[in-house]
Amino acid sequence: MMTLICGIPNAGKTTYSSRYQNVVHTDDVLPVNCSYTAAICEIVQRYEDVCVEGILCTARERKAIVASYNHGRKVCIWIDTPLDVCIARENRNRGEIIIKNCYSLFEPPTIAEG
């Protein structure tokens, strides 16, 4: 099973993902052939059970990751924490502007993503 956890910075994705064994923290992934999403897809294919945790703002990138997993069931969890709470939690020097930008760019997940 693949569990994909998405949401804006400081929403609680990493804390939630701590209950899983094989977790891909997208902040730690380096691009392959200039593509961050391709690198995540390559890692996901290695596991039967995997949790992918990251901001993953766009439907396009989430859809590509979901499509790359061929081992069974797929679940998406959107950690929809209010913007003001995420800003109040900031402690990694990302800054309020980055959090607000992610919030404005974030496309809520849909079933059409796979």
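As the structure is a computational prediction, the values presented were derived from the model and not from experiment.
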Find the distance between CD1 (I77) and CG (D80) and round it off to the nearest 0.5 Å. 13.0 Å
Mind listing the closest non-hydrogen atom pair of I79 and K13 along with its distance? CG1-CG, 4.1 Å
Starting at SG of C51, measure out to CG of L4 and round the result to the nearest 0.5 Å. 8.0 Å
Rounded to the nearest 0.5 angstrom, the CD1-CD1 distance for I87 and I98 is 12.0 Å
Same cluster or not: I5 versus V66, using hydrophobic residues (I, L, V, M, F, W, Y) connected whenever any side-chain heavy atoms lie under 4.5 Å apart? no
Count I, L, V, M, F, W, Y as connected when their side-chain heavy atoms are under 4.5 Å apart, and connections chain through other members. Are V75 and V50 then in the same cluster? no
To the nearest 0.5 Å, how far apart are CD1 in I55 and CG in N10? 8.5 Å
Shortest non-hydrogen separation from D49 to N22 and the atoms involved: O-ND2, 2.9 Å
Q45, CD: over 12 other non-hydrogen atoms inside 6.0 angstrom: yes
Honestly curious: do Y47 and V52 fall in one hydrophobic cluster under the side-chain, below-4.5 Å linking rule? yes
If you draw a 6.0 Å radius around OH in Y20, do more than 12 non-hydrogen atoms from other residues or ligands fall strictly inside? yes
Tell me whether Y69 contacts the main-chain N or O of M1 through its side chain, where contact means a donor paired with an acceptor under 3.5 Å. yes
How close do E61 and T37 get, counting heavy atoms only, and between which atoms? CB-OG1, 3.6 Å
If I compare all heavy atoms of I99 with all of C86, which pair ends up nearest, and what's the gap? CD1-O, 3.9 Å
Is the number of heavy atoms from other residues, nucleotides or ligands within 6.0 Å of NZ (K74) greater than 12? yes
Taking all atoms of both residues into account, what is the closest heavy-atom pair of F106 and C6, and its distance? CZ-SG, 3.8 Å
Taking all heavy atoms of E113 and all of A59, pick out the closest pair and write down the distance. OE2-CB, 3.4 Å
To the nearest 0.5 Å, atom CD1 of I65 lies from atom CG of L56 at 4.5 Å
If hydrophobic clusters are built by linking Ile, Leu, Val, Met, Phe, Trp and Tyr wherever their side-chain heavy atoms come under 4.5 Å apart, do W78 and L105 end up in the same one? no
Distance in Å, R62 CZ paired with I40 CD1, rounded so as to fall on 0.5 Å steps: 12.0 Å
Group every Ile, Leu, Val, Met, Phe, Trp and Tyr by side-chain heavy-atom contacts under 4.5 Å, then state whether V24 and Y36 land in the same group. yes
What residues form a salt bridge (Lys or Arg N to Asp or Glu O under 4.0 Å) with K63, not counting sequence neighbours? none
